Amino acid sequence: MTTHTFTARRGRKAGPPRATNPRQFLRHLTLIALGVVMFYPLAWMLGASLRDDGAIADPGVWPGDGFTVDGYVEGWRGVSGVAFGRFMLNSFLVAALCVVANLIACSLAAYAFARVDFRLRRLWFALMIGTLMLPHHVILIPQYMMFRELGWIDTYLPFVVPKLLATDAFFVFLLVQFFRAIPRELDDAARLDGCGHLGIFFRVILPLAKPALATTAIFTFIYSWNDFFTPLIYLTDPDLYTVPLALRSFIDTTSSSAFGALFAMSVVSLLPVLGVFIAFQRLLVEGIATTGLRG
Amino acid sequence: MRTTHRRRLSATLASATATTLALAGCGSAEPVASTGRADGSITYSFWGNPARAEKVGTVIDLFAAAHPDADVSVEVAEYLNYIERMTVRAAGGGLSCAIGMQSTFYTRYAEQDVLRPLDDLIESGEIDVSQIPDEVLEAGRVDGTQYMIPTGTFARLLGYNVDLVAESGAPPPTDDMTWDAYADWLREVQAGLPEGVHATEIEAPNMFSFTSWVIGHGEEMFDEGGLAFDQELLEEWFRFWLDLTDEGVTVPVDMLAEQNAALELTPLAQGAAAVGTRDIPQLHITEQALDGAGRGSEIAEVSIPSPDPGRSANVLGTNGISIPTGCDQVGTAAAFIDFFVNDTEAALAFQSDNGILTNTRAQEALVDDADTPDSVRRNVTTLRELTDSGDLTTTTYPSGLTTLTTELSRLYQEAAFGQTSVEDAASAFFTAAERALD
Amino acid sequence: MTITMERPPGRSAAPPPPGRRRPLRSRRDNLAGYLFLSPWLLGFFLIIGGPMVASLYLSFTDYSVLGTPEWAGTDNYERMLTDDPRFWASLTVTLTYLLASVPLVQVFALFLASLLNRGIGGLTFYRAVFYVPSLIGGSVAIAILWRFLFEGDGLLNNALGSVGVDTSHSWIGTPDTALGTLVVLNVWQFGAAMIIYLAGLRQIPAELYESASVDGAGRARRYWSITLPLLSPVIFFNVLMNTVGAFQAFNTAYIVSNGTGGPADSTLFYTLYLYQRGFVDFEMGYASALGWALLVLVAAAAAGLFALSRRVVFYGDER
């Protein structure tokens with residue numbers, strides 16, 4: 001760890017050398033067995049989405065006799081005259097904005113905590129961790145009042161502005177942990193090259209922390225995509241609704257529920273998140289291990 | 001270091017004070033007077049599924065045609081989510097101008113001045129309630145002031161699976177059973193049912209059913225001081241059901257969770273139980289679910305048992321619309337409510353989707369209209385028959401009812417799973433009531 | 001909050017103390033630090049701080065949500081400690097859940113991340129398969145599914161029946177096992193932790209393994225002496241965050257039990273109880289007090305973990 005004479009490595013196969021074949025086989029077997037168990041519930045959901053509403057209590061995966069695509073048709077029609085596709089677009093917009101906001105704000109804050117010596121840093125750090133610890137239900141009402149005073153009801157500002165101001169402490173902390181794993185020698189080298197903090201941030205830390213940034217992007221996207229309470233409280237105009245709001249409204253405990261539509265749209269709404277995951281996961285593997293260190 | 005701490009703290013406090021002050025200021029605004037004109041834009045918030053939202057959409061189109069200057073948009077959410085959202089918005093003063101309310105929970109909002117008294121609007125004729133029976137209107141009053149205009153009523157009845165009961169060899173249930181006769185009948189049904197199917201769901205944790213029990217016993221649920229019945233009555237209720245479960249006549253206790261689930265997944269709707277209480281409009285949904293599960297059967301209904309057959313134990317509940325105190329488009333909101341309640345076309349479009357509509361003239365129109373689905377017609381006629389024969393009763397709904405509803409369910413479960421005695425559970429209910437009804 | 005304020009976490013928690021490298025903190029660093037931190041500072045004071053302090057104030061009041069808060073001194077806190085069995089019940093549920101699910105999630109996530117990190121074919125595919133359950137989060141669809149899996153005539157019992165174990169025990173409907181099904185649900189969604197572990201593993205320079213191989217270190221030894229130490233900041237992160245998350249677990253219990261925490265309070269998570277007090281019983285003052293008590297608890301747990309981390313977590317920026 002004390003030297004920085006690592007040679008650059010390219011190629012995908014990082015980590016320790018590949019294991020021998022029987023081992024490899026065993027490993028695949030384990031993974032597949034586990035994968036089947038893990039995946040069953042999702043396969044069931046897919047089956048249920050192609051099944052008649054009445055046959056919903058069928059625990060099997062195969063839709064069988066009750067096969068129908070009504071769920072997709074009905075679900076896609078949406079709620080209150082707004083098509084489900086609109087909710088998908090809304091969700092995508094919100095989630096994308098949140099990703100950008102979180103990447104910028106959280107990495108800035110994380111750099112400060114991880115790499116800069118400034119007064120009261122530890123106090124701020126403790127406070128930052130502290131903000132994670134209060135259950136959000138107790139600040140729901142005060143926060144609603146504040147955002148309402150600001151005229152933010154029926155806008156996406158309550159979703160994005162807090163993220164722009166790095167209030168997602170989870171990700172600040174995540175990035176701090178990853179930034180700190182990057183050897184300081186690299187900073188020193190950059191400093192010798194005449195870089196200031198901004199230079200180190202952009203040229204050393206960010207490139208080397210790609211997996212962490214990708215993780216932040218993926219998680220932020222998924223959490224925003226799945227977020228239910230924020231849109232429930234802050235959005236009134238159905239044109240602005242996001243996917244989870246629409247999904248919940250398919251089920252009503254006091255009257256009939258549209259299970260087919262629920263499952264069908266649950267499946268459909270998984271696709272964009274899955275897409276984002278697959279798009280970003282390439283970056284997950286590009287750590288120090290693969291890109292190498294320019295010593 | 002220490003002074004810095006203090007300075008930071010005071011800075012934080014200052015920014016918080018603003019919020020706190022806002023907290024103190026809510027709900028005390030003077031109600032806005034109506035302009036008498038429907039020329040503003042409002043939002044109507046309600047709970048329900050997309051199908052209901054669609055019907056409300058049609059009603060709003062009709063309203064827009066009749067009131068071209070007004071603009072109504074809708075906002076729908078699932079029941080529990082709806083209430084949560086409303087709570088947050090009520091605290092923050094951000095309610096929309098027309099909000100869905102229910103007799104079971106609206107009292108709290110009325111008592112805390114969140115809702116606007118509507119009597120001036122009724123007096124001025126902006127909201128015409130002449131077609132709503134007074135005993136139904138009464139359900140929207142607190143201390144004589146009208147806070148909610150009832151738009152739909154529901155009554156909880158005993159629904160039974162006609163095929164299963166016939167299969168069991170027992171006679172169909174009747175409208176005039178006592179609880180003891182009912183228990184005997186259940187045992188008879190159980191004796192003839194196949195394995196894995198039970199005579200009834202467990203009614204013990206259900207507040208509506210318990211209310212029927214209390215009222216049927218000639219007592220009231222609530223009075224000024226809190227609970228108006230004796231603790232023994234609650235203990236008897238618990239024991240009544242615990243015994244039936246022990247005999248295997250009810251579904252097992254571990255299926256209580258299923259009873260709380262979506263209507264289609266309840267034991268009655270899955271053919272795992274032959275009897276269960278349902279609100280009138282829910283009977284048809286249950287039939288549809290049974291059909292889907294491949295166990296299709298008619299679900300017929302009889303009155304809830306009562307120790308005195310002359311005293312009805314069918315409790316009436318009400319859904320309605322209110323206007324919050326903070327609304328500044330009272331004219332439009334009043335016109336919308338009036339339209340919702342009185343317009344025949346609107347009634348035909350909405351098809352009584354949230355409780356049986358309260359306007360008697362509209363009821364008739366709905367029954368007579370050829371396009372009305374049979375299930376809706378049946379709902380309306382069932383309620384009318386109950387009304388005409390006087391087989392309905394009402395109860396009061398204090399602020400803390402939601403708390404008691406969850407407590408009843410929780411405490412019964414604790415007793416049923418043997419975690420506490422019936423006496424302790426009942427006494428815990430009374431303790432909780434003291435705080436909740438305070 | 002007070003706890004963390006008076007006792008900032010240990011040395012390793014925040015980055016190494018100033019002065020170890022350069023005795024004087026430069027003016028430039030001060031400026032740069034606060035500039036980098038400025039978005040967060042703004043957010044802290046404008047968005048988080050106000051509502052937090054408001055809720056702290058409310059915790060000392062009697063506040064019915066719809067009315068005006070009335071000062072009640074420490075009544076709420078006294079009631080919690082002396083006159084509220086459900087508070088203790090919910091605490092027990094939460095701690096049981098935490099102690100069961102946090103370690104299990106780490107074991108699964110770390111095990112699979114390590115398996116997947118070793119240049120295995122089909123990595124992308126496996127990673128997606130294991131991660132997909134985490135994508136759906138607390139969806140209503142999952143709530144219904146979980147019921148079908150674990151009810152009396154559910155899928156699990158069917159599977160058990162086919163291997164000769166006949167039971168009609170409703171795992172989800174009986175107080176003894178209901179919490180267990182939620183632990184399973186949590187473990188099933190270990191994908192998020194796995195992804196973080198994978199990212200962490202990827203940051204370990206491959207050269208270290210190569211030189212260790214040259215030194216003749218075996219597989220287990222390499223894992224123990226290279227992987228784990230270098231991964232420790234990430235392990236620490238996951239453990240801490242999952243612990244905080246478990247203390248605040250809400251979504252799944254809310255959806256699966258339809259907001260009740262049943263059967264018989266067996267899945268009454270702390271925050272679910274808090275929610276019921278605030279939004280069902282309209283005792284928002286008491287709910288706020290519950291919230292702040294939780295904050296103190298979580299802070300204590302976190303302080304404990306930070307103290308532990310000082311001894312077992314290795315950071316690349318230390319020297």
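The shown structure was predicted, so the numbers you read here are calculated from the model rather than taken from an experiment. Lettering of chains follows the sequences in order, A, B, ..., and the numbering in each one begins at 1.
Taking C:Leu42, C:Ile196, C:Val129 one by one and counting their heavy-atom pairs under 4.5 Å with chain A, the maximum is reached by C:Ile196. Chain C forms more heavy-atom pairs under 4.5 Å with one residue of A:Ala212, A:Ala169, A:Pro162 than with any other, namely A:Pro162. Between chain C and the options A:Phe39, A:Tyr144, A:Phe263, heavy-atom pairs under 4.5 Å are most frequent for A:Phe263. For chain A, the option among C:Gly33, C:Gly200, C:Ala128 with the highest count of heavy-atom pairs below 4.5 Å is C:Gly33. Per-residue heavy-atom pair counts under 4.5 Å with chain A were compared for C:Phe279, C:Trp146, C:Tyr131, C:Phe125, and the maximum is reached by C:Tyr131. Ranked by non-hydrogen atom pairs under 4.5 Å with chain A, the options C:Leu274, C:Leu297, C:Leu198 are led by C:Leu274. Heavy-atom pairs under 4.5 Å with chain A were tallied for C:Gly278, C:Ala287, C:Ala192; the largest tally goes to C:Ala192.
When heavy atoms are compared at a cutoff of 4.5 Å, C:Phe247 does not approach chain A at all. C:Leu240 touches chain A through its side chain: at least one heavy atom from C-beta onward sits under 4.5 Å away, while N, CA, C and O do not. Only the side chain of A:Met45 comes within contact range of chain C, with at least one heavy atom under 4.5 Å from a heavy atom of that chain. Looking at A:Phe229, the atoms closer than 4.5 Å to chain C (heavy atoms on both sides) all sit in the side chain, from C-beta outward. Of the two parts of A:His136, neither the backbone nor the side chain holds a non-hydrogen atom closer than 4.5 Å to a non-hydrogen atom of chain C. Heavy atoms of A:Leu31 lying under 4.5 Å from chain C belong to its backbone as well as its side chain. Within the 4.5 angstrom heavy-atom criterion, only side-chain atoms of A:Phe259, from C-beta onward, approach chain C. Contacts between C:Asn258 and chain A at a heavy-atom distance below 4.5 Å involve the side chain alone, from C-beta outward. If you measure heavy-atom distances from C:Phe190 to chain A, the contacts under 4.5 Å come from the side chain alone. The part of A:Ile218 that comes within reach of chain C is its side chain, from C-beta onward, which places non-hydrogen atoms under 4.5 angstrom from that chain. If you measure heavy-atom distances from A:Leu274 to chain C, the contacts under 4.5 Å come from both the backbone and the side chain. Contact of C:Tyr270 with chain A is not made at all, since no heavy-atom distance falls under 4.5 Å. With a threshold of 4.5 angstrom between heavy atoms, C:Leu112 approaches chain A through side-chain atoms but not through N, CA, C or O. Residue A:Ile278: no heavy atom, backbone or side chain, is found under 4.5 Å from chain C. Residue C:Ile226 does not touch chain A at all, counting heavy-atom pairs closer than 4.5 Å. Using a 4.5 Å cut-off between heavy atoms, A:Phe147 contacts chain C through its side chain alone, with no backbone atom that close. Only the side chain of C:Leu41 comes within contact range of chain A, with at least one heavy atom under 4.5 Å from a heavy atom of that chain.
Considering only heavy atoms from C-beta on, C:Asp29 comes within 4.5 Å of A:His197 through its side chain. Residues A:Ile141 and C:Leu58 fail the side-chain proximity criterion, which asks for heavy atoms closer than 4.5 Å. Annotation: side chain of C:Pro39 is not in contact with side chain of A:Leu164 (no heavy-atom distance under 4.5 Å). Side-chain contact check for C:Pro51 versus A:Met146: some heavy-atom pair is nearer than 4.5 Å. Residues C:Val244 and A:Phe170 have side chains not in contact (no heavy-atom distance under 4.5 Å, counting atoms from C-beta outward). Looking at heavy atoms from C-beta onward, A:Phe277 lies in side-chain contact with C:Ile195 at the 4.5 angstrom threshold. The shortest distance between side-chain heavy atoms of C:Tyr126 and A:Ile32 falls below 4.5 Å.
A perpendicular orientation is assigned to the rings of A:Trp44 and C:Phe148, their planes being inclined by more than 60° (bins at 30° and 60°). The aromatic rings of A:Trp124 and C:Trp40 lie perpendicular to each other, with more than 60° between the two planes, well past the 30° mark. Classified by interplanar angle (parallel below 30°, tilted 30° to 60°, perpendicular above 60°), the ring pair C:Phe306/A:Phe173 is tilted. Taking the six-membered ring for Trp and thresholds of 30 and 60 degrees, C:Phe36 and A:Tyr111 have ring planes inclined between 30 and 60 degrees apart.
Residue C:Phe108 places its CZ atom among 12 or fewer non-hydrogen atoms of other residues, nucleotides or ligands, all under 6.0 Å distant.
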Determine whether A:Val37 and C:Trp188 satisfy the following criterion, side-chain contact (heavy atoms from CB on, under 4.5 Å), listing intermediate values before the conclusion.
CA-CA 9 Å; A:Val37 174; C:Trp188 181 59; over 6 Å; no

When you look at A:His137 and C:Leu290, which way does the side-chain contact (heavy atoms from CB on, under 4.5 Å) test go after all the steps?
CA-CA 11 Å; A:His137 284 119; C:Leu290 285 169; over 6 Å; no

Walk me through whether C:Ile144 and A:Ile251 qualify under side-chain contact (heavy atoms from CB on, under 4.5 Å).
CA-CA 11 Å; C:Ile144 294 171; A:Ile251 298 290; 4.2 Å; yes

Please report the C-alpha distance between A:Phe228 and C:Ile255 in whole Å, then the side-chain angles of each, then the deciding distance to 0.1 Å, and finally whether the side-chain contact (heavy atoms from CB on, under 4.5 Å) criterion is met.
CA-CA 12 Å; A:Phe228 171 68; C:Ile255 288 170; over 6 Å; no

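Scanning all heavy atoms of the two residues, the minimum distance from C:Gly291 to A:Leu134 falls at O-CD1, 3.5 Å. Between C:Ala199 and A:Thr215, the shortest heavy-atom contact is CB-OG1, 3.7 Å. Nearest approach of C:Ser288 to A:Val138, heavy atoms of both residues: CA-CG1, 3.8 Å. Closest non-hydrogen pair, A:Gln143 versus C:Ile47, comes out as NE2-O, 3.3 Å. Summarising the geometry of C:Leu135 relative to A:Asn226, their closest heavy-atom pair is O-ND2, 2.7 Å, with the distance given to 0.1 Å. Of all heavy-atom pairs between A:Ser266 and C:Ala141, the closest is OG-CB, 3.8 Å.
When each of C:Ile142, C:Val132, C:Leu145 is tested with A:Pro41 by the rule side-chain contact (heavy atoms from CB on, under 4.5 Å), just one qualifies, namely C:Leu145.
Side chain of C:Gln248 to main chain of A:Leu132: a donor-acceptor pair is present (N/O by atom type, distance under 3.5 Å, no hydrogens or angles). Not one N or O on the side chain of A:Gln177 forms a donor-acceptor pair closer than 3.5 Å with the backbone of C:Val234. Remark: the backbone N or O of A:Arg119 is paired with a side-chain donor or acceptor of C:Tyr34 at under 3.5 angstrom.
Taken to the nearest 0.5 Å, the CZ atom of C:Phe111 stands 7.5 Å off from the CG atom of A:Leu34.
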